[in-house]
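Report on the structure given below.
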Amino acid sequence: MSTTDTDKKPLNFIEQIIEEDLRSGKHKQIVTRFPPEPNGYLHIGHAKSIVLNFSLAEKYGGRCNLRFDDTNPEKEEQKYIDAIIRDIEWLGYDYGGKPFYASDYFDILYEYAIKLIKAGKAYVDDQTAEEISATRGTPSVPGKESPWRNRSVEENLDLFERMKNGEFKEGERVLRAKIDMASPNMLLRDPAMYRIKHARHPRTGDKWHIYPMYDFAHGQCDSIEGVTHSLCTLEFENHRPLYNWFIENLGIFPSRQIEFARLNLSYTITSKRKLLQLVEEGIVNGWDDPRMPTLSGMRRRGFTAAAIKQFSHDVGIAKRENLIDVARLEHAVRADLNRKANRVLGILQPLKLVIENYPEDKVEMVQAVNNPENEAAGKREIPFSRELYIDRNDFMENPPSPRKYFRLGPERMVRLKYGYIVKCTGYEKDADGNVVLVKCEYYPESKSGQDTSGIKVKGTLSWVSAAQAEKVEVRLYDRLFKSENPALADDFHTELNPDSLTVIEDALVEPLVKELQPGDTVQFERLGYFTVDPDSTPDKLVFNRTITLRDSWAKKS
RNA sequence: UGACCCAUGGUGUAACUGGCAACACGUCUGAUUUUGGUUCAGAAGAGUCCAGGUUCGAGCCCUGGUGGGUCAACCA
């Protein structure tokens with residue numbers, strides 16, 4: 001069974017069910033599955049489900065199948081299948097190397113349908129979709145039985161076969177389960193099992209003219225694969241009686257459907273339809289736009305698989321509706337990157353600083369720590385010289401008291417990280433009143449690592465040497481939506497944050513950054529984590545700001 | 001005027017077969033710090049939707065409300 005002796009973490013309700021099933025001997029091994037429909041990209045909500053299903057299989061020594069729910073050829077595409085596989089592999093889960101497809105079981109499903117017809121539990125209905133809808137009733141008013149409900153088994157068999165052979169037009173006939181038109185559960189009012197679609201299927205081609213509905217496919221596929229625990233979201237609760245009805249009336253392996261609450265993330269939309277809209281309307285630059293909550297977008301942004309898994313695990317599993325604070329995701333990302341990302345010095349808004357008492361032509365290499373959280377990351381050297389750039393945000397003409405403000409200002413002293421302590425002796429402004437140059441003098445005996453100056457400063461600034469700095473493009477991201485729950489709005493367009501993307505063309509970084517490759521993430525000290533974007537060229541790197549550092553100073557101001 | 005599900009600090013999740021509510025994120029202090037990061041120490045913040053009931057004792061059980069979610073695609 002599990003390793004519960006070591007981890008005391010309380011079990012969620014699904015784990016409790018699983019452990020009970022294992023204990024009672026109901027199952028010797030558990031099987032779960034992740035069943036995406038290939039009609040869009042995977043997003044953070046799917047991640048929760050993926051992590052749940054795969055980690056349960058890992059924890060209890062079972063298996064988790066990746067199964068594409070490809071029962072609707074009109075909406076599904078191969079490109080989505082490819083993207084989904086890529087995302088799951090990126091997360092690092094083992095689906096046995098071979099995905100399954102609902103379409104693998106079309107033949108079996110067809111046999112199942114015939115079995116129900118023969119048992120008098122399914123019939124071909126000649127009514128139109130409109131008629132069926134009109135006679136379904138409402139939640140409080142029973143529906144009316146179809147005039148075709150009681151035709152003979154032989155006629156049903158014949159008609160169904162002809163449906164399969166493509167003899168009818170789409171919408172002309174449908175195969176329905178004969179259950180109960182008066183059921184208080186609308187889904188039990190003779191639900192459709194098969195509909196006619198003369199569409200080419202990405203995998204089965206033109207073989208079929210009829211395709212099974214979700215309800216007639218999902219549970220049976222679970223059953224065929226021996227899925228023991230079929231985990232899905234709350235909106236399928238009402239489907240469970242139907243899920244069970246098919247399994248019972250077919251007499252096949254009883255997979256058990258268990259529902260849990262889907263993930264909702266603050267300031268984020270997780271609706272495939274709306275995400276698709278963002279892409280198609282050009283509001284974002286594709287499915288992998290770093291502002292998108294898609295796995296591909298988050299990956300490009302620089303979020304790690306480890307962080308997303310940790311987050312998915314942290315939010316827990318329960319049955320109540322929830323809205324998880326996006327700060328939680330950000331916390332997971334920072335926690336992971338803090339351990340993994342090497343530090344570099346970078347400047348987003350360059351402001352020139354001249355050390356007037358430093359030799360004109362001297363370039364001195366200073367030693368810098370790559371990652372204080374990981375000694376093995378080693379050290380590097382960066383050039384220091386008379387002319388540097390610091391960040392505009394690190395200088396103020398009229399700063400508040402030194403107790404509250406540690407950075408540079410007239411007469412103030414700061415340390416240039418890994419370098420020397422400098423004192424501001426003056427500054428110059430342009431015609432518009434913008435500070436364009438800061439003048440300093442340095443204390444030669446204050447060099448990092450061999451400081452004998454005895455000077456104590458509170459502030460430490462990032463900097464780059466003007467002559468050696470590398471110019472890069474930096475893309476800053478903010479949340480795509482300005483309201484906490486954009487899904488609530490009638491029109492999500494009104495909730496869009498107009499400042500979700502800011503491009504800085506001329507940020508500066510220390511020279512060694514040149515060697516980074518797309519996908520690499522570093523921390524620009526004091527600023528945040530930045531990941532090299534695939535848009536980078538040999539001439540110019542492009543960085544995505546993955547996430548800022550926590551900033552308790554900015555928060556106060 | 002139906003069925004099913006849910007209801008615990010700001011947010012999310014816990015509390016074994018009933019024994020006066022825990023953890024995480026967030027927030028706020030303070031310490032350390034050559035990142036106003038990290039780390040460390042600490043604090044505030046709920047009496048468990050409401051009303052009854054059972055019980056020596058209920059967040060957990062029962063009844064009735066209230067509030068929220070889902071369902072009337074030939075979507076998944």
Side-chain angles (χ1 to χ4, degrees), chain A residues 9-12 16 35-37 39 69-72 74-76 125 127-129 132-134 136-143 170-176 183-189 191-197 210-211 213-215 217-218 232-241 259 261 263 266 272 311 314-325 327-332 334-335 338-339 343 345 368-369 372-373 404-407 414-419 421 446 448-449 451 457-462 523-528 548-557:
Chain A
K9 195 172 187 297
L11 303 177
N12 63 48
Q16 287 174 19
E37 182 188 15
N39 67 343
D69 228 332
D70 57 348
T71 58
N72 187 351
E74 283 169 3
K75 293 188 175 176
E76 297 144 8
D125 196 341
Q127 294 182 107
T128 63
I132 289 176
S133 173
R136 198 186 311 275
T138 70
S140 51
V141 177
E170 292 192 9
E172 224 170 69
R173 288 190 167 77
V174 65
L175 182 72
R176 292 227 259 170
S183 172
N185 182 339
M186 299 292 290
L187 289 159
L188 260 22
R189 322 246 262 226
M193 293 164 58
Y194 269 96
R195 76 290 216 192
I196 298 168
K197 277 184 193 292
I210 54 173
Y211 292 93
M213 300 288 293
Y214 167 84
D215 284 307
H218 202 95
C232 63
T233 48
L234 254 27
E235 57 266 35
F236 290 97
E237 250 163 356
N238 295 337
H239 292 246
R240 183 157 24 94
E259 312 85 16
L263 168 81
S266 65
K272 278 193 199 174
F311 165 77
D314 287 348
V315 297
I317 299 296
K319 295 190 74 164
R320 77 185 86 120
E321 295 290 332
N322 59 74
L323 182 63
I324 277 105
D325 192 341
R328 236 185 148 92
L329 210 209
E330 295 173 346
H331 169 79
R334 288 193 186 101
N338 180 49
R339 290 182 291 124
R343 274 60 170 170
L345 294 181
V369 174
E373 306 298 317
K404 293 178 63 181
Y405 181 83
F406 309 155
R407 281 111 105 143
V414 297
R415 173 172 294 282
L416 295 171
K417 179 102 183 181
Y418 302 127
I421 290 174
S446 68
S448 284
D451 184 352
V457 293
K458 283 287 270 184
T460 302
L461 302 193
S462 319
Q523 181 196 107
F524 288 7
E525 294 219 27
R526 306 197 305 133
L527 296 176
T548 60
L549 255 29
R550 284 184 66 204
D551 190 346
S552 54
W553 185 68
K555 218 175 319 189
K556 288 179 196 165
S557 356

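Below, chains carry the letters A, B, ... as their sequence lines are ordered, and counting in each starts from 1.
Taking only side-chain atoms of E373(A), from C-beta outward, the nucleotide of G12(B), U34(B), U38(B) with the closest atom is U38(B). Closest approach to the A327(A) side chain among G26(B), A76(B), C74(B) is made by G26(B) (side chain taken as heavy atoms from C-beta onward). Comparing G12(B), A72(B), C74(B) against the side chain of T138(A) picks out A72(B) as the nearest. The nucleotide whose nearest atom lies closest to any side-chain atom of S133(A) is, among U13(B), A73(B), U70(B), A73(B). Of the candidate nucleotides C74(B), G12(B), U34(B), C74(B) has the atom nearest to the side chain of A192(A). Each of G37(B), G36(B), A76(B) was ranked by its minimum atom distance to the side chain of N338(A); first place goes to G37(B). Picking from U70(B), G37(B), U34(B) the nucleotide with the shortest atom distance to the side chain of L549(A) gives G37(B). Side-chain atoms of R526(A) lie closest to G36(B) of the nucleotides A3(B), A72(B), G36(B).
Neither OP1 nor OP2 of U38(B) sits under 4.0 Å from any side-chain N or O of R343(A). Taking 4.0 angstrom as the limit, S462(A) places none of its side-chain polar atoms (N or O) nearer than this to OP1 or OP2 of U35(B). Between R550(A) and G36(B) there is no side-chain polar atom (N or O) within less than 4.0 angstrom of OP1 or OP2. Checking the phosphate oxygens (OP1, OP2) of C74(B), no side-chain nitrogen or oxygen of R176(A) falls inside 4.0 Å. When the side-chain nitrogen and oxygen atoms of S140(A) are compared with OP1 and OP2 of A3(B), none of them lie within a distance under 4.0 Å. Listed pair Q16(A) / A15(B) meets the phosphate criterion, a side-chain N or O lying under 4.0 Å from OP1 or OP2. Taking 4.0 angstrom as the limit, K75(A) places none of its side-chain polar atoms (N or O) nearer than this to OP1 or OP2 of C74(B). Of the side-chain N and O atoms in S552(A), one or more sit less than 4.0 angstrom from OP1 or OP2 of G37(B).
At the heavy-atom level, Q523(A) lies under 4.0 Å from base atoms of the strands shown. At the heavy-atom level, Y418(A) lies under 4.0 Å from base atoms of the strands shown. As judged by a 4.0 angstrom heavy-atom cut-off over every strand, H239(A) is placed among the base-contacting residues. Across all strands shown, Y405(A) has heavy atoms under 4.0 Å from base atoms, whether or not it also approaches the sugar-phosphate. Across all strands shown, I421(A) has no heavy atoms under 4.0 Å from either base or sugar-phosphate atoms.
When the side chain to side chain contact (heavy atoms under 4.5 Å, CB included) test is applied to H239(A), the partners found at least two apart in sequence or on another chain are L187(A), Y214(A), D215(A), F236(A).
Rounded to a whole angstrom, the distance from the P atom of G57(B) to that of G52(B) is 15 Å. Distance check on atom C1': G69(B) versus C74(B) gives 27 Å, rounded to whole Å. Here, C49(B) and U32(B) have their C1' atoms 45 Å apart, quoted to the whole Å. With P as the reference atom, C25(B) and U70(B) are 31 Å apart, rounded to whole Å. Rounded to whole Å, the C1' atom of G9(B) lies 12 Å from the corresponding atom of U13(B). Spacing between G59(B) and G47(B) at atom P, rounded to whole Å, works out to 13 Å. Of the P atoms belonging to C62(B) and C16(B), the separation is 15 Å, rounded to the nearest Å. Comparing A41(B) with U33(B), their C1' atoms are spaced 15 Å from each other, to the whole Å.
Spacing between atom CG of L175(A) and atom C1' of C74(B) amounts to 11 Å, rounded to whole angstrom units. Note: CD1 (I317(A)) to C1' (U13(B)) measures 10 Å, nearest angstrom. Separating the CG atom of D314(A) from the P atom of C25(B) is a distance of 8 Å, rounded to the nearest angstrom. For the pair N238(A) CG and G69(B) P, the computed distance is 14 Å after rounding to whole Å. Atom pair E321(A):CD and C6(B):P shows a separation of 12 Å (rounding to whole Å applied). R320(A) has its CZ atom 18 Å from the P atom of G68(B), to the nearest Å. Rounded to whole Å, atom P of U13(B) lies 17 Å from atom NE2 of H331(A). Rounding to whole angstrom units, CZ of residue R328(A) and P of U27(B) are separated by 13 Å.
Base pairing analysis places G64(B) opposite C50(B); the two distances defining the Watson-Crick or G-U wobble pair are each below 3.5 Å. Pairing partner, A31(B): U39(B), with both Watson-Crick or wobble hydrogen-bond distances short of 3.5 Å. When both pairing distances are held under 3.5 Å, G18(B) makes no Watson-Crick or G-U pair with any nucleotide shown. Base pairing analysis places G59(B) opposite nothing; no Watson-Crick or G-U wobble pair with both distances below 3.5 Å involves it. For C4(B), the paired base is G69(B) (Watson-Crick or G-U wobble, both distances below 3.5 Å). C23(B) is paired with G12(B) under the Watson-Crick or G-U wobble criterion, all donor-acceptor distances under 3.5 Å.
In terms of heavy atoms, T71(A) sits closest to Y211(A) at O-CB, 3.5 Å. Annotation for L549(A) and R334(A): closest pair C-NE, 3.8 Å, computed over non-hydrogen atoms. Between E321(A) and L234(A), the shortest heavy-atom distance links the atoms OE2-CD2, 3.8 Å.
Nucleotide G47(B) carries a syn base; the chi torsion (O4'-C1'-N9-C4 or O4'-C1'-N1-C2) is within 90° of 0. In this structure, A73(B) shows a glycosidic angle within 90 degrees of zero, which is the syn conformation.
Nearer to the 5' terminus of RNA chain B, by closest-nucleotide assignment, is the contact made by K417(A) (compared with the other of K417(A) and E37(A)). Along RNA chain B, the nucleotide closest to P372(A) and the one closest to N12(A) are compared, and the more 5′ of them pairs with N12(A).
Using a cutoff of 4.0 Å between basic side-chain nitrogens and carboxylate oxygens, E170(A) and R195(A) are not scored as salt-bridged.
Here the straight-line distance linking atom CD1 of I421(A) with atom CG of L461(A) works out to 11.5 Å at 0.5 Å rounding.
Of the candidates E172(A), E76(A), E74(A), K197(A) forms a salt bridge (Lys or Arg N to Asp or Glu O under 4.0 Å) with just one, namely E74(A). Partner of R343(A) under the side-chain contact (heavy atoms from CB on, under 4.5 Å) criterion, out of Q523(A), R526(A), K417(A): Q523(A) alone.
Distance alone, capped at 3.5 Å, places no donor-acceptor pair between the R407(A) side chain and the T460(A) backbone. No donor-acceptor pair closer than 3.5 Å links the side chain of D325(A) to the backbone N or O of R328(A).
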